[in-house]
Student: 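Got a structure here, written out as structure tokens. Questions coming.
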Amino acid sequence: MSKVATRFAPSPTGALHIGGVRTALFNWLYSKNHKGTFHLRIEDTDKERSKDEYKDQIIKSLKWIGVEYDGEEYIQSTKINDHINIANELLKNGNAYKCYCSSEEIEEQKKRARQKKLPYIYNRKWRDIPESEAPKGVKSVIRFKSKIEGTSILKDLVQGDVEIDNNTIEDFIILRNDGTPTYNLSATVDDHQMGMTHIIRGDDHKINTFKQIQIYLAMNWELPKFAHIPLIHTIEGKKLSKRDNASTLDDYSKIGIMPDALRNYLLRLGWSFEDKEIFTLEESIEHFNLKGIGKSPSKLDVSRILSMNEYYIKNIDENSLYQNLVEYCKIYKEKINSDKETKIKSSLYFLKNKAKTLVDIYNNAKFIINDIIEFNEDDFNLIDDKAKKIILEFSKELSNISNINKENLEPVVNSLIKKNDTNFKGVGQPLRIALTGSKFGPGLYDIIIALGKDEALKRLAKIIS
RNA sequence: GGUCCCUUCGUCUAUCGGUUAGGACAGCUGGUUUUCAUCCUGCAAAGGGGGGUUCGAUUCCCCCAGGGACCGCCA
């Protein structure tokens, strides 16, 4: 077999949801595991619904999650003439025929079948009528002459052998009456011309595969291998659709999920490798195979995404984490000034312990990011005279400390606790509020170290004035 | 309604006929702790039902039930 080539072929008619992203990921991983190529094909032949903004969103999403396609994106609409040529060739060699039934006529037949609760299948009316008897001035569609007798077997790389009766596949339309090709024709011709060796796609395409295989056979083209992966279901157990909430990548990046975490989650959704849960990009390429794909659909579990994200926050190196944070804040919160880089980076060790998402890190790092802090009103009201006295006392001590670290700060706080006959909260809380604006947040010593002596003193002075 | 697919803890899954059915997330305990967390103990939690085959079935076969996908001159 020639070098593995796979593709992801979305239609730009809506936002790409994470089911599609997973399909892209699997295709990409499969090809990379085999040192092959992966391609992106934009199936934009539905002129009514295709939009450039969706195409851009698809490309952006793949990039965000780290799936890179080889070469330029293949734009299906630019190949329509090729598709039409193949339709004509199929017509010429007797594998297709012109059908002069009007859409109204077909609709009528479908309606009747539904009423009688019979399965509808096009009645093949024009299949054997010679061209000489064709009506004049009536537009025709071209239908593929599908097999009627016998059965077909799909040797699916995930599902095993799937057998169906050929007569359940109707004579499907390959060219509309306006002369444009339909999906099954276009996809097949493109896959062939692009040299695809493996077609990995959602379960919902299985019937299409039986149709497409017949085109390959009729054209005498080499058949690619097929793998149909189970769909992702919502928690209610239905197919994930564009209408469902929280299903695009943006929905997850918005709440502070990192691309690597989502990639890892998606990889393990419906695929497994021993008991391994965490896969770096390199490991996922190394271990990915079709064998590990389960046969049953899997449900999307947001708490799992969150915990995966938390794992990545706590375990990736701090430079990457910082980059993720900066990216996130730039898009969704505020631009982080580069002069804060050192302070934030050196604070990540404690910030990340309190975070499941980048939002959490941002919220807890606000007191570093912004020079002017916003006070939570209720918390601010806790700063009474007694609290101010403690803040003042602490400030004096702090100004005498030359080396700001926990070892030096702790005795100061402890002595203040004793002196004021209170507990840690009595001292820690006012200080925390004064320094960050909120009584919740990072550990007190971490806060002071993060701010540095001068900035801390400045903030303490401000609140008692 | 027809065709096809699926069925192990709540969720994602492991098991290539013999296991106390394993792991992870979530949940619940207990401990550490400076708020909030983290971290560490531990607990609980599963083979849809019925038939076979077999010394032995979660595993192989059949039936049923349940769920899902498809059934466009959309892709």
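In what follows, chains carry the letters A, B, and so on, assigned in the order in which the sequence lines appear, proteins first and then strands, with residues in each chain numbered from 1.
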Student: Can you tell me how far C1' of rA14(B) sits from CG of Asp275(A), to the nearest Å?
Tutor: 5 Å
Student: Mind checking if Ile173(A) touches a base, just sugar-phosphate, or nothing, with heavy atoms under 4.0 Å?
Tutor: base
Student: Select one nucleotide: of rC4(B), rU38(B), rA75(B), the one nearest the side-chain heavy atoms of Asn208(A).
Tutor: rA75(B)
Student: Just how far, in rounded Å, is C1' of rC70(B) from CD1 of Ile121(A)?
Tutor: 13 Å
Student: Of the candidate nucleotides rC6(B), rC4(B), rC12(B), which contains the atom at the shortest distance from the side chain of Ile164(A)?
Tutor: rC4(B)
Student: For rG49(B) versus rG42(B), give the span between their P atoms, rounded off to a whole number of Å.
Tutor: 32 Å
Student: Tell me the interatomic distance from Tyr265(A), atom OH, to rU11(B), atom P, rounded to whole angstroms.
Tutor: 12 Å
Student: Can you work out whether Leu269(A) or Gly441(A) has the more 5'-proximal nearest nucleotide on RNA chain B?
Tutor: Leu269(A)
Student: Could you tell me how far apart Asp165(A) (CG) and rC5(B) (P) are, to the nearest whole angstrom?
Tutor: 12 Å
Student: Taking only the P atom of each, what is the distance from rU59(B) to rU7(B) in whole angstrom?
Tutor: 11 Å
Student: So which nucleotide from rU38(B), rG72(B), rC73(B) ends up closest to the side chain of Tyr120(A)?
Tutor: rG72(B)
Student: For Glu48(A), answer base if it contacts any base atom (sugar-phosphate contacts may also be present), sugar-phosphate if it contacts only those atoms, and nothing otherwise; contact means non-hydrogen atoms under 4.0 Å.
Tutor: nothing
Student: In whole angstrom, give me the gap between the C1' atoms of rC73(B) and rA69(B).
Tutor: 23 Å
Student: Scan Cys101(A) against the nucleic acid and name what it touches under 4.0 Å (heavy atoms): base, sugar-phosphate only, or nothing.
Tutor: base
Student: Mind running a 4.0 Å heavy-atom check of residues 421-433 of chain A against RNA chain B and sending the residues that fall below it, in number order?
Tutor: Phe424(A), Arg432(A)
Student: Without decimals, in angstroms, what is the distance between Gln159(A) CD and rC70(B) P?
Tutor: 14 Å
Student: Looking only at side-chain atoms of Thr168(A), point me to the closest of rU35(B), rA75(B), rU3(B).
Tutor: rU3(B)
Student: Flag the pair Asn420(A) / Lys389(A) as yes when at least one side-chain heavy-atom distance between them is below 4.5 Å, and no otherwise.
Tutor: yes
Student: Hey, does Asn177(A) reach any base, or is it just sugar-phosphate, or nothing, if we go heavy atoms under 4.0 Å?
Tutor: base
Student: Would you check if Lys388(A) and Ile463(A) make a side-chain contact, meaning some heavy-atom pair closer than 4.5 Å?
Tutor: no
Student: Please work out if Val162(A) contacts a base, only the sugar-phosphate, or nothing of the nucleic acid, heavy-atom cut-off 4.0 Å.
Tutor: sugar-phosphate
Student: Using the closest heavy atom to pick a nucleotide of RNA chain B for each, name whichever of Asp44(A) or Glu170(A) lands nearer the 5' end.
Tutor: Glu170(A)
Student: Roughly how far apart, to the nearest Å, are rU41(B) and rG47(B) at atom P?
Tutor: 28 Å
Student: Nearest to the side chain of Ser296(A), which nucleotide is it out of rU11(B), rC73(B), rC6(B)?
Tutor: rC6(B)
Student: In whole Å, what separates the P atom of rA45(B) from that of rA21(B)?
Tutor: 13 Å
Student: Could you tell me whether the side chain of Asp203(A) and the main chain of His228(A) form a donor-acceptor pair under 3.5 Å?
Tutor: no
Student: Which nucleotide in the list rC39(B), rC4(B), rA24(B) gets nearest to the side chain of Lys206(A)?
Tutor: rC4(B)
Student: Could you tell me how far rU15(B) sits from rG1(B) if I compare only their P atoms? Round to whole Å.
Tutor: 36 Å
Student: Taking CD from Glu310(A) and C1' from rA24(B), how many angstroms apart are they, rounded to a whole number?
Tutor: 14 Å
Student: Assign Pro442(A) to base, sugar-phosphate, or nothing according to its heavy-atom contacts below 4.0 angstrom with the strands shown.
Tutor: base
Student: Would you call His205(A) stacked on rA75(B), i.e. ring centres under 5.5 Å apart with the planes less than 30° off parallel?
Tutor: yes
Student: Tell me: CD1 of Ile42(A) to P of rA75(B), nearest whole Å?
Tutor: 15 Å
Student: For rA21(B), which nucleotide in any strand shown is its Watson-Crick or wobble partner with both distances under 3.5 Å?
Tutor: none
Student: Using a 4.5 Å cut-off on heavy atoms from C-beta on, say whether the side chain of Val141(A) contacts that of Arg143(A).
Tutor: yes
Student: Indicate, with yes or no, if the rings of Tyr74(A) and His39(A) have centres closer together than 6.0 Å.
Tutor: no
Student: Can you check the Asn264(A) CG to rU13(B) C1' distance for me, whole Å?
Tutor: 14 Å
Student: Using only heavy-atom distances, determine whether the side chains of Gln214(A) and Ser146(A) contain a donor-acceptor pair under 3.5 Å.
Tutor: yes
Student: Which nucleotide wins on minimum distance to the side chain of Pro119(A), given the candidates rC6(B), rG1(B), rA69(B)?
Tutor: rG1(B)
Student: Could you tell me whether Lys314(A) contacts a base, only the sugar-phosphate backbone, or nothing, with contacts defined as non-hydrogen atoms closer than 4.0 Å?
Tutor: sugar-phosphate
Student: More than 12 non-hydrogen atoms from neighbouring residues, nucleotides or ligands closer than 6.0 Å to CD on Glu374(A), yes or no?
Tutor: no
Student: Taking the six-membered ring for Trp, are the ring centroids of Trp271(A) and Phe288(A) within less than 6.0 Å of each other?
Tutor: yes
Student: Tell me whether the centres of the aromatic rings in Trp126(A) and Tyr97(A) are closer together than 6.0 Å.
Tutor: no
Student: For the C1' atoms, the ones on rC71(B) and on rU54(B), what distance do you get once it is rounded to whole angstrom?
Tutor: 42 Å
Student: Could you tell me the Watson-Crick or G-U partner of rG48(B), where both distances fall under 3.5 Å? Say none if there is no partner.
Tutor: rC64(B)
Student: Among the nucleotides rC5(B), rC25(B), rA69(B), which one has an atom lying closest to any side-chain atom of Lys239(A)?
Tutor: rA69(B)
Student: Side chain of Ile207(A), heavy atoms from C-beta onward: which of rC5(B), rC70(B), rC73(B) has the nearest atom to it?
Tutor: rC70(B)
Student: Could you check whether the side chain of Glu277(A) and the base of rG23(B) have a donor-acceptor pair of N or O atoms closer than 3.5 Å, going by distance alone?
Tutor: yes
Student: When the C1' atoms of rC62(B) and rU53(B) are considered, how many whole Å apart are they?
Tutor: 11 Å
Student: Checking the side chain of Ser347(A) only, and the main-chain atoms of Lys343(A) only, is there a donor and an acceptor separated by less than 3.5 Å?
Tutor: yes
Student: Is the phosphate of rC73(B) approached by Ser103(A) (side-chain N or O, under 4.0 Å from OP1 or OP2)?
Tutor: no
Student: Taking 4.0 Å as the cut-off, does a side-chain nitrogen or oxygen of Thr182(A) come that near to OP1 or OP2 on rA75(B)?
Tutor: no
Student: If you only use heavy atoms from C-beta on, which nucleotide in rA69(B), rC73(B), rA75(B) is closest to the side chain of Lys110(A)?
Tutor: rC73(B)
Student: Across the strands shown, which category fits Thr45(A) at heavy-atom distances under 4.0 angstrom: base, sugar-phosphate, nothing?
Tutor: sugar-phosphate
Student: Side-chain contact test, heavy atoms from C-beta onward, threshold under 4.5 Å: evaluate it for Lys366(A) versus Ile373(A) and give yes or no.
Tutor: no
Student: Using only side-chain N and O atoms of Arg176(A), determine if any of them is under 4.0 Å from OP1 or OP2 of rA75(B).
Tutor: yes
